[in-house]
Chemist: 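One structure coming up, written as structure tokens, with questions to follow.
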Amino acid sequence: MLPRTYDAQNCSIARALEVLGDRWTLLVIRDAFLGVRRFDDFQRDLGVARNVLSERLQRLVDEGVLERHRYQKRPERFEYRLGKKGIDLWPAIMTLMQWGDRYYAPPDGPPRVVRHRDCGGAVTEHLTCGTCGAELTARDVVSEPGPGARAQAAA
């Protein structure tokens, strides 16, 4: 089993893995990019145990990847939004998604499609718009179900 920390390694990838290196964490971040904000919605979408989700959310808040915002006083409830560190993960998340689409998408196509909000062009591997050529950030795009999602829903 891999250690949780990599103190003996002088490596930025190892340090990033200390924060992001498990599947639930990356899926929480994916859902945050898709607009999921509340604990129950994360839990319902991911099917993760509540204690595991609570630990991952707290860790991401502690690291500044997510920010916690109160949306209700009684009972006190919070939602989770991407912080600067989280938004800065967009290129990595997009590249990982594109890699997964290239090698593991369902036969009908990718489960999600990310498009330039302004013109509807697809995001290229260089994170530019395939139609107008604009350089894109997380705030410039929208995500929608792709052909692989529709095929899954029909099955």
Side-chain angles (χ1 to χ4, degrees), residues 12-13 15-50 52-73 76-155:
S12 296
I13 293 173
R15 298 288 181 262
L17 281 174
E18 289 179 8
V19 178
L20 306 172
D22 77 76
R23 69 180 180 155
W24 292 122
T25 299
L26 287 176
L27 294 174
V28 165
I29 293 167
R30 176 208 60 194
D31 274 11
F33 275 112
L34 293 174
V36 176
R37 301 281 181 264
R38 297 182 179 178
F39 185 95
D40 288 340
D41 295 332
F42 281 111
Q43 202 278 325
R44 184 175 33 257
D45 188 56
L46 298 173
V48 60
R50 295 178 74 80
V52 172
L53 177 59
S54 182
E55 290 171 13
R56 296 315 184 275
L57 289 170
Q58 188 59 54
R59 172 73 186 224
L60 291 169
V61 168
D62 291 345
E63 291 292 333
V65 175
L66 294 177
E67 296 173 349
R68 205 170 143 204
H69 297 268
R70 185 171 61 193
Y71 69 88
Q72 181 177 307
K73 286 186 179 184
E76 192 170 50
R77 296 187 188 264
F78 296 88
E79 65 180 17
Y80 300 87
R81 299 181 197 159
L82 290 162
K84 180 175 177 3
K85 280 185 178 179
I87 291 168
D88 284 350
L89 282 168
W90 183 75
I93 295 295
M94 280 300 303
T95 300
L96 186 59
M97 184 185 85
Q98 290 172 337
W99 183 85
D101 289 346
R102 185 175 304 119
Y103 295 106
Y104 300 106
D108 291 337
R112 298 222 49 98
V113 176
V114 181
R115 300 193 179 284
H116 184 197
R117 185 183 306 275
D118 290 345
C119 76
V123 178
T124 70
E125 65 184 31
H126 302 288
L127 305 181
T128 60
C129 176
T131 300
C132 71
E135 291 185 21
L136 302 174
T137 68
R139 290 184 169 87
D140 300 319
V141 299
V142 293
S143 177
E144 57 195 38
R150 288 188 285 277
Q152 178 71 21

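Here the structure is a predicted model, which means the values were calculated and not measured.
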Chemist: Taking Ala32's backbone N and O only, do any of them form a donor-acceptor pair with Arg37's side chain (distance below 3.5 Å, no angle check)?
Modeler: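 Here the side-chain-to-backbone pair exists.
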
Chemist: As a test of understanding, state which of Asp31, Asp62, Asp22 forms a salt bridge (Lys or Arg N to Asp or Glu O under 4.0 Å) with Arg56.
Modeler: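 Result for salt bridge (Lys or Arg N to Asp or Glu O under 4.0 Å) with Arg56: Asp22.
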
Chemist: Has Glu79 got a side-chain atom pairing as donor or acceptor with Arg70's backbone, closer than 3.5 angstrom?
Modeler: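 Between the backbone of Arg70 and the side chain of Glu79 there is no qualifying donor-acceptor contact (under 3.5 Å).
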
Chemist: Filter on salt bridge (Lys or Arg N to Asp or Glu O under 4.0 Å), then keep only pairs touching residues 135-148, sequence neighbours left out; what's left?
Modeler: Arg115-Glu144

Chemist: For the atom pair CZ (Arg44) and CG (Asp41), what is the distance rounded to the nearest 0.5 Å?
Modeler: 4.5 Å

Chemist: Out of Leu60, Val28, Thr25, which residue meets the side chain to side chain contact (heavy atoms under 4.5 Å, CB included) rule with Val65?
Modeler: Leu60

Chemist: Write out all pairs satisfying salt bridge (Lys or Arg N to Asp or Glu O under 4.0 Å) with one or both partners inside residues 117-129, taking only residues at least two apart or from two chains.
Modeler: Arg102-Glu125

Chemist: Any side-chain to backbone donor/acceptor pair from Arg112 onto Ser143? Under 3.5 Å, distance only.
Modeler: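 It does hold such a pair.
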
Chemist: Between Arg50 and Asp40, does at least one N-O distance fall below 4.0 Å, as a salt bridge requires?
Modeler: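 Salt bridge present between Arg50 and Asp40.
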
Chemist: Donor-acceptor pairs under 3.5 Å, side chain of residues 87-95 to any protein atom, not counting sequence neighbours: which ones?
Modeler:
{"from": "Asp88", "atom 1": "OD2", "to": "Lys84", "atom 2": "NZ", "distance (Å)": "2.9"}
{"from": "Thr95", "atom 1": "OG1", "to": "Pro91", "atom 2": "O", "distance (Å)": "2.8"}

Chemist: Sequence neighbours left out, what pairs pass ring pair (Phe, Tyr, Trp, His ring centres under 6.0 Å) with at least one residue falling in residues 104-138?
Modeler: Trp99-Tyr104

Chemist: Does a sphere of radius 6.0 Å around CG in Leu34 hold more than 12 heavy atoms from other residues, nucleotides or ligands, not counting ones at 6.0 Å or beyond?
Modeler: yes

Chemist: Only counting residues at least two apart or in another chain, list the ones meeting side chain to side chain contact (heavy atoms under 4.5 Å, CB included) with Gln72.
Modeler: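 Side chain to side chain contact (heavy atoms under 4.5 Å, CB included) list for Gln72, sorted by chain: Pro75, Arg77.
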
Chemist: Side chain to side chain contact (heavy atoms under 4.5 Å, CB included) with Arg23: which residues, sequence neighbours excluded?
Modeler: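 With neighbours one apart ignored, the set is empty.
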
